[in-house]
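To start, the structure under review is shown below, and the notes come after it.
Because the structure is a prediction, the values reported are computed rather than measured. Position 1 is the first residue of the sequence, and the numbers go up from there.
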Amino acid sequence: MTTGDRMKLRRKELGLSAETVAERLNVSPATVYRYEKGDIEKLPGDILPILSKVLQTTPAYLMGWEEDAAAYNVPPGFSPMPDMDTVPLVGRIACGEPITAEENLEGYVSVPSAWRATFTLQCEGDSMEPTIHDGDLVAIRKDVRIENGQIAAVRIGDEATLKHLYLHDDYIELRPENPTYASIIRRKEEMNDVSIEGKAVGLCRGL
């Protein structure tokens, strides 16, 4: 069974039309049919995780890795691509809006499912060097306990920043990793302007 066969089978099982799948992938129905017929043999890397979500399955199933990884010439010492989730990429934050509100989103990206990420942020600047570089895509998980010293996405007014978080009885410290930068301190009423949005759970970096 080919990737196209599995794609068509899942689409039929879910009662989805090719037009519906095409709309969610932001491609034409003709492209969906070409995927299913095998006219396009390799699914683009950015399409596979989204398609898996639409068809309520995994990239491993669609690509056939679950059946026989060796058949897809996975080199020795390497593993098939892990299951991926598609999560929002958040840009500049609109004051007063939830961090993942539609007006804050710049698009969607795919990250490993094991991270259980809620959204991603793109790092700007070098305040978190050497752990996080300028341009890194950092995955954030909301609603998780954050221990002092861990890296968190923190919202200050209408901006989001990544810093080591330290919570004290009467102040909050947002500590950069780069020693050339000073900590951000919020005391008393200033603490009301700070919202802890989630814990950093992974990052993506180009070579």
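Across T118 and K142, no two heavy atoms sit closer than the pair OG1-N, 3.0 Å. R11 and Y33 get closest at one heavy-atom pair: NH2-CE2, 4.2 Å. Across all their heavy atoms, R155 and E197 have their closest contact at CD-OE2, 3.4 Å.
The main-chain N or O of R34 is never found under 3.5 Å from a side-chain atom of D39 such that the two would form a donor-acceptor pair. Side chain of D193 to backbone of E190: no donor-acceptor contact under 3.5 angstrom is found. Not one N or O on the side chain of D136 forms a donor-acceptor pair closer than 3.5 Å with the backbone of V138. No side-chain donor-acceptor contact under 3.5 Å links E106 to the backbone of V90.
Listed by chain and number, the residues in a salt bridge (Lys or Arg N to Asp or Glu O under 4.0 Å) with E173 are R175 (sequence neighbours excluded). With sequence neighbours left out, E189 forms a salt bridge (Lys or Arg N to Asp or Glu O under 4.0 Å) with no residue at all. Legend: residues meeting salt bridge (Lys or Arg N to Asp or Glu O under 4.0 Å) with K53, ordered by chain and number and at least two apart, are D85. Legend: residues meeting side-chain hydrogen bond (donor to acceptor under 3.5 Å, both in side chains) with D126, ordered by chain and number and at least two apart, are Y181. Not a single salt bridge (Lys or Arg N to Asp or Glu O under 4.0 Å) links E129 to another residue, sequence neighbours left out. Legend: residues meeting side-chain hydrogen bond (donor to acceptor under 3.5 Å, both in side chains) with E177, ordered by chain and number and at least two apart, are T131, H164.
In this structure, CD1 in I132 is found 4.0 Å from CD1 in I151, a value given to the nearest 0.5 Å. The OG atom of S183 lies 8.0 Å from the CG atom of L174; values are rounded to the nearest 0.5 Å. If you take CZ on R145 and CD on Q150, they are separated by 9.5 Å, rounding to the nearest 0.5 Å. Considering CG of L16 and CG of L55, their distance stands at 7.0 Å, rounded to 0.5 Å.
No more than 12 heavy atoms of other residues, nucleotides or ligands lie within 6.0 Å of CD in E23, so this atom counts as exposed by the packing criterion. Crowding of K163 atom NZ: a count of heavy atoms from other residues, nucleotides or ligands under 6.0 Å exceeding 12. Atom CG of N192 has more than 12 neighbouring heavy atoms from other residues, nucleotides or ligands inside a 6.0 Å radius. Heavy atoms from other residues, nucleotides or ligands lying under 6.0 Å from CZ of R116 number 12 at most.
The pair K199-E147 does not count as a salt bridge, with every side-chain nitrogen at least 4.0 angstrom from each carboxylate oxygen.
A side chain to side chain contact (heavy atoms under 4.5 Å, CB included) with S52 is found for exactly one of L62, T58, I47, namely L62.
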